[in-house]
Amino acid sequence: MKLNIKDKFTTQLPADPNMENSRRQVTEACFSYVTPKQTSNPQLIHVSPEMLLKLGLTEVDAKSDEFLKVMTGNRVLENTTPYAMCYGGHQFGNWAGQLGDGRAINLFEVEHENKSWVVQLKGAGETPYSRSGDGLAVLRSSIREYLCSEAMYYLGVPTTRALSLALTGDQVLRDVMYNGNPAYEKGAIVSRLSPSFLRFGSYEIFAARQDHKNLKVLLDFTINQHFSHLGKPSKDTYLQFFAEVSERTLEMIIHWQRVGFVHGVLNTDNMSILGLTIDYGPYGWLEGFDFGWTPNTTDRQNKRYRYGNQPNMGLWNLYQLANALFPLIEDAKAMEAVLEKYTTDFELQSLKMMRSKLGLQSEVKSDQLFIQDLEDLLQLTETDMTIFFRNLGDFNKDEASEGLTIINEAFYNITELSDTIRQQWNAWFDRYAERLQTESISDSQRKSQMNAVNPKYVLRNYMAQLAIDKADQGDYTLIDELFQLLKKPYEDQPEHQKWFAKRPEWARHKVGSSMLSCSS
Ligand code: AMP
Ligand code: MG
C-alpha cells in the first residue's frame, strides 16, 4: 500500500506536549498524539472503490492485511503520528467547554491528484477528549454514517466521505434509548475522509480560553491550507474567510432542505469549517413533509434541530463563530453584515431551490406565496416528500385535473383526504398548470430538469435499519445493495423500484427507523 503522506495539521500546528492518553483539559494545543486501540478480530465489511482511487489506492490494496490493520487502528504506518483534535462547542444552545475528538483518531494526510485528504477513524478508542465515553462506535451507527455520507455525496450535497467500514471484533455496551437498558453491541470503525475536520468549535475553544495567540495560529493555518484563494492572512482576509464560511454553510443547508435531510445535532462542534455535512449521528430523512420533524429523541422536547429550523440553526452557529473570530477581526459592523446577508441570501436561495423542485425557470413574484401554499398543503395530511416531488415531474400542464392522481402514491393515508383537502389540492394544481403555461419549456424538458434535483432514492430511515438488522446477523449484502443504489439517486433504476416507496407501517415507531438518540 503506497500512500503519498504529507502531514500538515500536525507539522504546522501546536501539539499537546503531554503524550499520556489520559482524560484532561488540553490548552494551547490543537491536538494530542494518540495511538488507536488494538482490536480483537478486525474484519472489513465494505470499502468504497471511489474513495480508494481518491487516495491513489487500488482494490488490490484494499484486500491487503495492511489495509485492514491500518483502517481498524491495529497498525500505525511508519512515519505517521495519529492524533485527536481539540475543540469545544455549543451543544443545544449552551457552551459546553472542551469536547474534542473523543472517539475519532486522525491517522495521516494523503496528497493525491492535487487534493489533500485527512484519513480519520471513528471508533478507534479513547483519547484525552473522551470525557465519560469509551471512544468506541457500534455497528449500527457506523453503517449509518458509512452509507449516508456517500449517499449525500451522490445527491450533490457537500459532505465528508467514507472509505471503509469494519468490525473490530469487540463488544461495546450501549443504552440505546438512555432508559436504563444497556446491552452489548458489535463494535465497528468507519474510516472517513475530508480535506479537513476542523469545526466551528475548533476556533471557539481558543476564544473561550482567551488564547488569541493560538486562535490566530489556527486561523492562519486554515486560510493558508484551505482558503488560500483569499490571499495572505490579514484582518481583511479573516473577514472574507468568515463570509465564505457563512456562504458555504448556507449552501449546504439549502441542499439539506432540498433533499429532506435532517442532521439531528447541529451543535457548533458538528459544523465543518469547510461547509461539509459532518458527524452523521441521529440524522434522518423526511418521509412525511413536516417542518417540525426531528429524528433525534434527545431533542424531542424543544425540537431545536427540526427540519424547518436548520437554516436558523446554521445562522445561530455562525453567530458563535463570529464571536470566536471577533478578537482577530474587531469589526462588529462588517461581521453583522455577513450575518444579515445570510438571512437575505437564505430567502433568495430557498426560493430558487423550491422553484427548481417545481421545474420553474422564470421568476415570478407570486411564486413565494404559491410555494408557501404548497408547503402548507403538504403538511395537511402526511405526504411523502420524495415521492411527491419525484412524481410531480409527470404533471402535464394541460391536464391539471390529473394532478392528484399523479401524486396519489405520496399520501400515507388516503382516507385523510377530505373533500375540502382535495379541493385545495385541485386548486393548487390549477395554479401550477397556469404558472407552467408561462414557461417556455415542454413538459418533458421540465421533467428531466426536475428529476435532476428531486431524487428518486434517498436513504430512508427504515432502509438503513434493514441493512443494520441484516448486518447484525452477519449478512452484509444489503449494505452493498444500498451503497450501489444510492450512487445514482436521480436515475430511475427500475430494478430497484421497491426502494421508491413510502416507509412501511412497521417502521413508523421503531427505534432506529423513526426514533434515534445520540447513543452511537
Ligand atoms: P457528537 O454529538 O456525537 O458529535 O459528540 C459530541 C462529543 O462527544 C464529541 O466530542 C465526541 O467526540 C464525543 N463522544 C461521542 N461519543 C463518544 C464516545 N463513545 N466516546 C468518547 N467520546 C464520545
Ligand atoms: Mg461530533
Side-chain angles (χ1 to χ4, degrees), residues 21-26 30-32 34 36-37 39 73 82-106 118 120-142 144-146 148-149 159-160 162 168 170-176 178 182-190 192 194 196-205 208 262-274 276-284 294-299 304-305 313 317 320 516-520:
N21 195 350
S22 59
R23 294 155 202 231
R24 55 200 147 82
Q25 292 292 307
V26 174
C30 289
F31 64 94
S32 306
V34 276
K37 189 178 181 226
T39 78
Y83 60 97
M85 292 159 80
C86 179
Y87 52 81
H90 277 84
Q91 297 185 312
F92 297 96
N94 303 304
W95 174 243
Q98 177 183 297
L99 297 167
D101 286 334
R103 53 142 164 209
I105 297 180
N106 304 275
V118 180
Q120 185 184 81
L121 304 183
K122 191 166 173 181
E126 297 173 35
T127 76
Y129 311 98
S130 296
R131 297 178 296 150
S132 58
D134 53 14
L136 305 174
V138 293
L139 181 57
R140 68 183 146 80
S141 60
S142 305
R144 284 168 50 82
E145 169 138 14
Y146 184 77
C148 198
S149 50
T159 178
T160 59
T168 58
D170 299 315
Q171 297 282 95
V172 174
L173 195 60
R174 286 290 180 270
D175 186 0
V176 179
Y178 297 124
Y184 279 101
E185 300 185 43
K186 291 181 186 176
I189 294 178
V190 169
R192 53 183 195 176
S194 175
S196 169
F197 287 100
L198 283 166
R199 301 128 194 278
F200 289 12
S202 308
Y203 308 82
E204 285 181 279
I205 189 72
V262 185
H263 182 285
V265 200
L266 279 184
N267 293 335
T268 55
D269 51 306
N270 291 337
M271 296 295 292
S272 148
I273 203 70
L274 300 181
L276 305 174
T277 313
I278 192 175
D279 281 9
Y280 290 84
Y283 68 82
T294 175
N296 185 359
T297 50
T298 317
D299 189 25
R304 180 179 169 87
Y305 298 137
M313 289 297 101
N317 290 334
Q320 310 317 311
L516 294 143
S517 74
C518 286
S519 160
S520 55

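Whatever order the structure lists ligands and atoms in, that order sets their numbers, starting from 1. Below, each value reflects all heavy atoms present in this structure, side chains not excepted, and no hydrogens, waters or symmetry copies. If you're wondering where the values come from, they're calculated on a predicted model, not measured in any experiment.
Contact annotation: Gly100 has at least one heavy atom less than 4.0 Å from an atom of ligand 1. At least one heavy atom of Arg174 sits closer than 4.0 Å to an atom of ligand 1.
Taking only nitrogen or oxygen atoms, main chain and side chain alike, Asn267 does not reach within less than 3.5 Å of ligand 1.
Using a 30° and 60° split on the angle between ring planes, Phe92 and Tyr305 fall in the tilted class, from 30° to 60°.
For the pair Thr127 (side chain) and Asp101 (backbone), a donor-acceptor distance under 3.5 Å is present. No donor-acceptor distance shorter than 3.5 angstrom exists from the side chain of Arg199 to the backbone of Asn270, with no hydrogens or angles considered. Using modelled atom types, no side-chain atom of Asn21 and backbone atom of Val34 make a donor-acceptor pair closer than 3.5 Å. The closest donor-acceptor contact from the side chain of Gln320 to the backbone of Gly93 lies at 3.5 Å or more, if one exists at all.
Heavy-atom proximity to Asn270, at under 4.0 Å, picks out these atoms of ligand 1: 2 (O), 4 (O). Residue Asp279 has at least one heavy-atom neighbour below 4.0 Å for each of these atoms of ligand 1: 4 (O).
Heavy atoms of Leu99 found under 4.0 angstrom from ligand 1 belong to the backbone as well as the side chain. Contact annotation for Arg23 and ligand 1: no heavy atom of the residue comes within less than 4.0 Å of the ligand. The proximity of Glu126 to ligand 1, defined as any non-hydrogen pair under 4.0 Å, does not occur for either the backbone or the side chain.
For the pair Arg144 and Tyr283, the cation-pi test (distance below 6.0 Å, angle within 45°) is passed.
For the pair His263/Met313, no side-chain contact is recorded, criterion being any heavy-atom separation below 4.5 Å from C-beta on. In this structure, Ser272 and Ser194 have side chains that are not in contact, with every pair of non-hydrogen atoms separated by 4.5 Å or more. Using a 4.5 Å heavy-atom cutoff, the side chains of Leu266 and Met271 are in contact.
Taking each of Asp134, Asp269, Val138 in turn, the one with a heavy atom nearest to atom 19 (N) of ligand 1 proves to be Asp134. Summarising the contacts of atom 20 (N) of ligand 1 with Gly135, Gly102, Ala96, Gly89, the nearest heavy atom is found in Gly135.
Ala137 and Ser142 make their closest contact through CB-OG, 3.9 Å (heavy atoms, listed as atom of the first residue, atom of the second, distance).
Excluding waters, the count of protein N/O/S atoms less than 2.8 Å from the Mg ion (ligand 2) comes to 2.
Nearest non-hydrogen protein atom to atom 13 (C) of ligand 1 is Arg131 NH2, 3.6 Å.
Side-chain N/O atoms of Arg192 and Thr159 include no donor and acceptor closer than 3.5 Å.
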